[in-house]
Peer 1: 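Provided herewith is a single structure, encoded as C-alpha cells, for subsequent inquiry.
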Amino acid sequence: MDIQKEIKIAGYQPFALPEAGGQLLFSAVTELYHLDRPGSAMFAASMFYNLGRVQGIREERARRKQRGDRRG
C-alpha cells in the first residue's frame, strides 16, 4: 500500500456522516471510548477511517455479488 497515494486520494473524497444514523454512531462511539479527551483525536480518526474502509469494502463486495462478478 502506498500511503502517499492513499492520502492524495482521500483529499478528493468528501467527509459526510449519512443522515442521523451516522451522527448517532459517531456520538455513541465517541462517548463509549471517551474520544473527546485530549490526545485521542488520532485514535478517533484511525478508528473512523477503518470503519469507513471496511464498510466500503462490504458495499463493493455486495455490488459485485449482485452483478455476478467472481473477481472479488
Side-chain angles (χ1 to χ4, degrees):
M1 172 196 305
D2 183 6
I3 193 71
Q4 293 300 326
K5 185 177 179 181
E6 292 288 327
I7 291 170
K8 186 176 180 180
I9 291 169
Y12 293 106
Q13 298 173 344
F15 173 76
L17 293 174
E19 294 144 23
Q23 293 171 353
L24 291 174
L25 173 64
F26 180 82
S27 297
V29 171
T30 300
E31 184 178 326
L32 178 66
Y33 292 104
H34 307 287
L35 300 177
D36 53 350
R37 292 181 182 168
S40 62
M42 290 186 71
F43 174 73
S46 176
M47 176 185 286
F48 282 100
Y49 169 80
N50 286 314
L51 287 172
R53 185 171 176 269
V54 168
Q55 181 63 28
I57 290 169
R58 288 180 180 162
E59 289 174 355
E60 180 61 26
R61 285 182 181 158
R63 278 192 294 269
R64 288 180 180 180
K65 185 177 181 180
Q66 189 175 30
R67 287 188 318 211
D69 189 354
R70 300 267 183 213
R71 290 179 282 151

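Numbering starts at 1 and runs along the sequence shown. Note that the structure is a prediction, hence the values are computed from the model and not measured.
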Peer 1: Restricting to side-chain hydrogen bond (donor to acceptor under 3.5 Å, both in side chains), what partner residues turn up for Gln66, sequence neighbours left out?
Peer 2: none

Peer 1: Quick one: side-chain hydrogen bond (donor to acceptor under 3.5 Å, both in side chains) partners of Glu60, sequence neighbours excluded?
Peer 2: Arg63, Arg64

Peer 1: List, one per line, each side-chain donor-acceptor pair under 3.5 Å for residues 26-39, sequence neighbours excluded.
Peer 2:
residue : atom : partner : partner atom : Å
Ser27   : OG   : Gln23   : O            : 3.0
Thr30   : OG1  : Phe26   : O            : 2.7

